[in-house]
There are 2 protein chains.
Amino acid sequence: MVTKSSRRTHSVPEPAPPLASRPLYLQARDRLVREIVDGVWKPGDYLPSEAQLAVTFGVSIGTIRRATEELAAQGLLERQHGRGTQVVPHSSDRSRFRFLRFVHPDGRSFRPVAHLIQQSVQPATREDLEHLDLPKNAEVLVLLRTRSEDGVPLIYERIALPAERFSKLHFEAGQDMLEEIYVLYQKHSGETVVRAEDDIRADAATRAIATALGCEVGTPLLMVRRVAFSLTGDRVEHRKSWTATLRYRSLLD
Amino acid sequence: MVTKSSRRTHSVPEPAPPLASRPLYLQARDRLVREIVDGVWKPGDYLPSEAQLAVTFGVSIGTIRRATEELAAQGLLERQHGRGTQVVPHSSDRSRFRFLRFVHPDGRSFRPVAHLIQQSVQPATREDLEHLDLPKNAEVLVLLRTRSEDGVPLIYERIALPAERFSKLHFEAGQDMLEEIYVLYQKHSGETVVRAEDDIRADAATRAIATALGCEVGTPLLMVRRVAFSLTGDRVEHRKSWTATLRYRSLLD
DNA sequence: GAGTGGTCTAGACCACCCA
DNA sequence: GGGTGGTCTAGACCACTCA
């Protein structure tokens, strides 16, 4: 039950208002997020109807609506007319397009297969610590992989994950990763990625990258650094991706 | 007056509904946009209050609210509690942060001064035609400029604008451009940029760019291509920016 | 204190999905 | 046909701004 601070409607009087409170729709929104984080509603589940939620939360339908609409805009929920409101499953299709994305020079979309080169738990680098907001001496699970189309490697990638949080996640080296990796985070470690920050710079191919991508050392590359955030706002992934041939495209709107 | 298709409330009967109509809040939203495009409300103006708009448009306040909230989320309006709702002026500060932006490697924001190298009207390149959606043989106004901080040029930029639309825009070559360029588009040509699509790739410095940026030919560069859209959804700017040292950062959220 | 936007409610009716 | 979300309204009260 969300806390009302003595609101009246239609001139019904009421005793003195206690503490100032956050708007009900924010309380409702946060409560829904918390319940999703806690696994009360899992990705793929349908929430109770708005009318039900309104009763449960002790607010009006309009307030529930405002909360769910905000979460839908944010990509966490999906409202389906006539069916209900679903906690968005991290289906491969959806998650690939929620962030900026790589495309071919001609604008064709990029549909890669990922190939794991190596995985290991190791001390976090200075960069990892900073971007994942980890304490000194923390360890990270590092995945090195390429992403290819038609057998041609186009992206070389290093992914660092907080080792503790992702202790249940591991792969066979050399294995093809058929599922979208955010789906795996969710399935094996219960981490749902909802947001990411990217930043992009120019870089020159190192020996290792040149080998993996089959280009020359020193070739101009795009380096995309991504920090991904979970439902709870924690930094859960630090990824660096290098590509020589692809472009990176914004999806504003 | 927006067109209602026979809506009733509180069981008040009414004759047969005519054609299916778009939701009133969309009609209201579009009408507001059209009025802003037509100059009825100029950037910096305050709209009439919600109550007034509701009367004028013949809908309820809630409907007006939904329309203006959408436009506010989109960045076209700014709601100010207790003051009113303002058509967002393209103030330098605001427009710089509405899109992806360049930052320094350490995350410091980049506050450049632009320096015009050359301007000329010329036949559009194949790329210009494609990205600006212009007819064959169209001409574009091309601006070449650098953007510097503390006298150090960090970005080299080529901006192509449809020559007809921007016939009133011109500068002295060699001049420093102190105002944000989108403010100039608005002031001199009545074009308000509301949205942009970026795409980013790696490139190597050409002779011209190397000279302008003081780097070596072949240095890995970030090339950002931006297509900017006006209020009416037309493509009004095709810009390519090259930088060796800066990063490009997303602002999702 | 008048006027504006911000929150919240209650209720009507519409449009869609599915059994 | 029952249930769900989508649109729209009317009205109460709150919180902020400015004269």
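Note on naming: letters A, B, ... go to the chains in the order of the sequence lines (proteins, then strands), and numbering restarts at 1 for each one. What you see is a predicted model, and the numbers here were worked out from it, not measured in a lab.
- With sequence neighbours excluded, the residues that form a salt bridge (Lys or Arg N to Asp or Glu O under 4.0 Å) with Arg239(A) are Glu157(A), Glu237(A).
- Thr63(A) has a side-chain polar atom (N or O) that falls below the 4.0 Å cut-off from OP1 or OP2 of dT9(C).
- Gln27(A) places its CD atom 12 Å from the C1' atom of dT7(C), with the value rounded to the nearest Å.
- Here the C1' atom of nucleotide dG6(C) and the CD atom of Gln80(B) are 14 Å apart, to the nearest Å.
- Side-chain nitrogen and oxygen atoms of Thr85(B) include none within less than 4.0 Å of the OP1 or OP2 phosphate oxygen of dT4(C).
- Whole-Å rounding puts the Arg79(A) CZ to dT4(D) C1' distance at 10 Å.
- More than 12 non-hydrogen atoms from other residues, nucleotides or ligands lie less than 6.0 angstrom from CD of Glu35(A).
- Using a 4.0 Å heavy-atom distance criterion, Arg65(A) is classed as a base contact.
- Remark: Gln52(B) pairs with Pro48(B), Ser49(B) by the side-chain contact (heavy atoms from CB on, under 4.5 Å) rule, at least two apart or across chains.
- A close approach under 4.0 Å does not occur between any side-chain nitrogen or oxygen of Tyr25(A) and OP1 or OP2 of dC8(C).
- Residues satisfying the ring pair (Phe, Tyr, Trp, His ring centres under 6.0 Å) test with Tyr25(A), not counting sequence neighbours, are none.
- Summarising the geometry, the separation between CG on Leu24(B) and C1' on dA12(C) is reported as 15 Å, rounded to the nearest angstrom.
- Atom C1' of nucleotide dG5(D) and atom CG of Leu77(A) are separated by 13 Å, given to the nearest angstrom.
- Under a cut-off of 6.0 angstrom, the local environment of CD in Gln80(B) is crowded, with over 12 non-hydrogen atoms contributed by other residues, nucleotides or ligands.
- In this structure, Glu50(A) places its CD atom 14 Å from C1' of dA15(C), rounding to the nearest Å.
- Leu26(A) places its CG atom 13 Å from the P atom of dG6(C), with the value rounded to the nearest Å.
- Rounded to an integer number of Å, the gap from CD of Glu70(B) to C1' of dC8(D) is 15 Å.
- Considering only side-chain atoms of Val59(A), the nucleotide from dT7(D), dT9(D), dT9(C) that sits closest is dT9(C).
- Legend: residues meeting salt bridge (Lys or Arg N to Asp or Glu O under 4.0 Å) with Glu149(B), ordered by chain and number and at least two apart, are absent.
- For Arg66(B), no side-chain nitrogen or oxygen approaches OP1 or OP2 of dC8(D) to under 4.0 Å.
- Under the rule for a salt bridge (Lys or Arg N to Asp or Glu O under 4.0 Å), the partners of Arg247(A) that lie at least two apart in sequence or sit in another chain are Asp199(B).
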Quick one: which protein N/O atoms are closer than 3.5 Å to N/O atoms of nucleotides 1-3 of chain D? Pair and distance per line, please.
residue : atom : partner  : partner atom : Å
dG3(D)  : N2   : Gly82(A) : O            : 2.9

